[in-house]
Amino acid sequence: MEILVFKTSINSYSDIQNIAKSLNNHPQIQEWSVDLDDYERVLRIKAMDRSSKLGIAECIRAFGFDCEDLDH
């Protein structure tokens, strides 16, 4: 299990609802959360492995949000 951390432009609970179905149904994701109180709007994902990082970021971008890997 890996923890993936992303900086995003997700700003509201409505934004979270927009991405929820996609993240909930993603086969590599076990759990996820968005910290709206953090200035970087951090998305934390508990994933099966690190190889899914790029695909998850692309999934978030497909909804029109910025998504930058913070786990260098």
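Asn11 is linked by a side-chain hydrogen bond (donor to acceptor under 3.5 Å, both in side chains) to Arg41, counting only residues two or more places apart in sequence or in another chain. Checked against salt bridge (Lys or Arg N to Asp or Glu O under 4.0 Å), Lys7 has no partners two or more places apart in sequence or in another chain. Taking Asp38 as the reference, Asp35, Glu40, Val42 meet the side chain to side chain contact (heavy atoms under 4.5 Å, CB included) condition, with sequence neighbours excluded. With sequence neighbours left out, Glu2 forms a salt bridge (Lys or Arg N to Asp or Glu O under 4.0 Å) with Arg50. Every residue two or more places apart in sequence or in another chain that forms a side-chain hydrogen bond (donor to acceptor under 3.5 Å, both in side chains) with Asp49 is listed here: Ser51. Listed by chain and number, the residues in a side chain to side chain contact (heavy atoms under 4.5 Å, CB included) with Gln17 amount to none (sequence neighbours excluded). Here Ser14 pairs with nothing under the side-chain hydrogen bond (donor to acceptor under 3.5 Å, both in side chains) rule; sequence neighbours left out.
Between Cys59 and Ser22, the shortest heavy-atom distance links the atoms SG-OG, 2.9 Å. Considering all non-hydrogen atoms of both residues, Met1 and Ala47 come closest at SD-O, 3.3 Å.
Membership of the apolar cluster around Ile60 extends to Leu4, Phe6, Ile10, Tyr13, Ile16, Ile19, Leu23, Ile29, Trp32, Val34, Leu36, Leu43, Ile45, Ile56, Phe63, Phe65, as traced through chained side-chain contacts below 4.5 Å between ILVMFWY residues.
Between atom OG of residue Ser9 and atom CD of residue Glu68 there is a gap of 11.0 Å, rounded to the nearest 0.5 Å. Once rounded to the nearest 0.5 Å, the distance linking CD of Gln30 with NZ of Lys46 reads 7.0 Å.
Pairs engaging residues 16-29 under the salt bridge (Lys or Arg N to Asp or Glu O under 4.0 Å) rule: none recorded [sequence neighbours left out].
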